[in-house]
Structure formats: structure tokens, C-alpha cells
There are 2 protein chains.
Amino acid sequence: MKIGVFDSGFGGLTVLRALFERIPQADYLYLGDTARLPYGAKSRDTVARYAASSARFLAAEGAEFLVIACNTASALALDAIRSAVTVPVLGVVETGANAADRSSTSRDVMVIATAATVESHAYTAACAERGMRAIEKACPLLVPLVEEGWIEHPVTADVLRIYMAELMEVARGVGLNADTLVLGCTHYPLLRRQIEAAVPESLRVIDSAEVTADEVARRLRLGGQGSSAKTRFFATDSVAKFRVLGGRFLGRAIADVELVDLEAGNRQ
Amino acid sequence: MKIGVFDSGFGGLTVLRALFERIPQADYLYLGDTARLPYGAKSRDTVARYAASSARFLAAEGAEFLVIACNTASALALDAIRSAVTVPVLGVVETGANAADRSSTSRDVMVIATAATVESHAYTAACAERGMRAIEKACPLLVPLVEEGWIEHPVTADVLRIYMAELMEVARGVGLNADTLVLGCTHYPLLRRQIEAAVPESLRVIDSAEVTADEVARRLRLGGQGSSAKTRFFATDSVAKFRVLGGRFLGRAIADVELVDLEAGNRQ
């Protein structure tokens, strides 16, 4: 089984890392569309065009199953991606909503994500389909803080305290009794401990990387057995930067990264 | 005179705002390549390709003089831009270095900018050409803080205190006696007061937007007189977002923004 994992950048490597642990016997293709990141600030049409070309690339390279490990692309472009390829496609918004569905007894959940994911209200829609109410909050400083490497840092603790207080305030305002918080951005698992410290203990934090790997394993009826995976990494911009930054997200060194030009590919 | 102003996003609007004040009688074309921002995280080749296509667009729309109001593009792609068009091109790195040259008596300067601008060492090279020593520091959290609207905010004050202390530490380590600090990113003028509060009073802060407008006025022998400018705004992504966010940088409302597709244009 060859599984394609797509993200606009490095964050999706937290999903790949979880997949390595859950399904070690599969082969993986990872594409980071780093020349065009971040998707989080772009419009639906632009994200759909970029994500569809990325999905086509992974399918052409042999992926038999696609994981859209990018919340923005899952929120804005899942239909466009499914139209672009014939293989099964799973997005992190639906896996996050499925996990919230299993976790929540109050049926009220909260979601933190990038501005574009929140503006799409994809999580609210996915939660409503599963009979849950949701409120979403954009936390645009968290990705830059992670990329600055300020993980265990007082400024990050302050920012989280402010964001979480604002979120709780909104929840109180609308009478939401949430028992579950979904981390709706693949950078956020790196801040999981800090986020858990900034919210009431009663709130269960759902790590989208972990629950996505679990759901892929269930869908493919794979998991737990086998040898170590063979993985190819592709990036649309600086492979040197991908190796350095990517290693932090993956939790292990990345040896080889192949440079691809999706714009040239689309033009042919 | 029709002046084209180019940036990857909204930051260059601080330069346009300064141009409005300095040369009110000119007409302006502003292009924000918002579908492909930020340039700050991308490689030299990618930035050069994007910036050249943007410059060609502005020249084709009638610009007689181009201001590259994007530090990353000025640092990485000025030669590529000058090869792509026949009109005169002025970049904010050279105007910043020229202003430092006029300001500094110690001949030692400091520069704060995005990671890509710093990694290019374009300011160090431009300062060396003018007989000055420079040290540069990447401040990757400042752009997101400005875009979050956290201008007069304790977290921003903390981040600036940390960044400036790190910068002073490096300066002491290499025996630099700086009297001038160049704001090497067009977002930073919005934080000018906060930055001035975080550094010694003896340090003169150079606002790249102001000094660029001054230099354009000198080069074109224009300034100070005339009626209000006619301006067209172009963006490669969401025009609605451009109007809202852009107004904050420009300091006045933006009525009409035209959507352009530079990738389609290049393919024809």
C-alpha cells in the first residue's frame, strides 16, 4: 500500500509521523507545496486550484490513498481534490470531526485553527452533520510561534492564555458547554502540552495528527505490523529548508527531498 | 507620471501611503501578489520568477517607474526584475541603505527584517558598498503580530524586547557601535513607535516607507505639489480581504480592487 500525504508545508509531517507509528508497513509519498504556502491566507478558488494540482501529482506518482493533512485544503478544497483524482481521499477536517463525535458527551465542541479554516466554517458544518454544536477560533500567531521554535516559551504561553480566554468567553456568551477541543491545524500538535495547560482539565484535546492516522488505519484495515516504511519527500520550494524545518515536525532527520514544479507540470 | 508599486501583499501600502504624501500629483498602480504571499519564506528562484511576472504586469499596465516595495523581492530578485522590464526600478533595500548612509556617523548599522531578507544578506552587502558595517536580525513574529492587529499590545512589546535584546547582544559580541536601525520590512513602520520604545534613544530608526518615498521624489524631481492621485489597486487573491486588511496599512479606505491571474498571464 502506497499512501500519499499532502500539506501546503511542513505541518502535515505531524500526520506522517503518526502514520509511521500506526501503519509502519506502508510506503509513503509526502508532498509539501512549500512554494505556495501558506494556504491559510488564500481564497477558496486559489486553494482549490493548488490542492487539486498537488493531489494529481501524488496520484501520478502512485499513491493509492490520499490523506489531505492540511486543514485549509480539507476545509476549502476537498470536493475539488476528489474531482481531480480517482483514489480515495480523506481530509483532516472529517477525521477531526469524527473524533470529536466519539469524544463528546455534551455534544458541544470547540475548534482552534488558522483564519482561512475558521472562515470556511468547515468544522462547524462537519460537527453539525454529526449532531454537535461547534465554535471555532482563529489563532493566527500559533503557526509563526511554532516555526520560530518558541514551543516552551513564556510568550507562547501568554498568547495561548489570551486566545483560550477569548475562546472561553465566546463559549460562555453563546451558552456552549464544550467538553472537547479539536486542534484544527497540523502545527498545533507541537503545542499540545502547552494548549492542555491553558484550558480546563475537563476539556479533552483532540490531536488531528493522531486521530487521522487512526482513521486511515481503520479504513485500510492496516496497522501495527511490518517493517519500516519507504518514504519519498517532495517539495515545491527549497529542499534544504524542507530538510531542516521538516525534521522538527517529523521528529527524525529527513535525508532526501525531491524538488517538483507543479506550475510547469500543469502547463504541459 | 504613472508610478507602479509592487509588494507580495499589503505591507507595500505603507510605501504607497508615504508616496501619496510626498508626490500627490502622480498616478499610481499598486499590485499585491497576495495569492503567492508571503515571499519571505520562499527561495531566490521562486521569488525571482514571481517578482518578474509582477513587474511585467505593472509595466504592461502603463507604469513608467517601478518601486519594489517588498524587501524580500528587492533583496532576492532586483536583477531579475530589471531584466524583465525596460522602465527604471527602485528597490527598498537600496533606499534603506542610502538612508542609513546619510544617517550613520559611526558607520555601523543594524537591520531587522524577515528571515528570507536576512538570509540573503542583501542589506549587509548594500551597506558594505557604502562603507558601512551591518548586522541583520530576522524577526519572523512581527508580521503576524501586525496582521493580528496586536500593535499596542503587551505580547508585541515582549516580543520586541526579546528580539531587540538579542540584536544588542550580537552587536556587543562583534564590537558593533551602531547608531542607526533600518526597518527592513514594510510591515514594521506600523510598529515604529513600539520599536523605538524597545531600543536605546541614541539609535536612529529608519522607516523604509518614508525614505523610499523621499528617494522616488528626488529621482523623479517631483514632490509636494498637485492634486490627489488616481490609483488602481490589483491583487492576485481575494479582493475583499485586500480591501479590509489593505485599508489598515494605507490608512484610508480602499474602494476598488481588481483581481488578476499572473499565472494564467504567464502561460499565454
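Chain identifiers are assigned alphabetically (A, B, ...) following the order of the sequence lines, protein sequences preceding nucleic acid strands; residue numbering begins at 1 within each chain.
For the atom pair OH (A:Tyr163) and CD (B:Glu148), the distance works out to 3.5 Å, reported to the nearest 0.5 Å. How far CG of A:Leu259 is from OG1 of B:Thr46: 7.5 Å, rounded to the nearest 0.5 Å. Note: B:Leu141 CG to A:Leu145 CG = 5.0 Å, rounded to the nearest 0.5 Å. The CG atom of B:Asp158 lies 6.0 Å from the CG atom of A:Asp158; values are rounded to the nearest 0.5 Å. Between atom NZ of residue B:Lys241 and atom OG of residue A:Ser43 there is a gap of 9.5 Å, rounded to the nearest 0.5 Å.
Looking only at heavy-atom pairs under 4.5 Å with chain B, the residue among A:Thr236, A:Ile162, A:Val47, A:Asp45 that has the most is A:Ile162. With chain A as partner, the option from B:Ala35, B:Gly9, B:Pro154 having the largest number of non-hydrogen pairs under 4.5 angstrom is B:Ala35.
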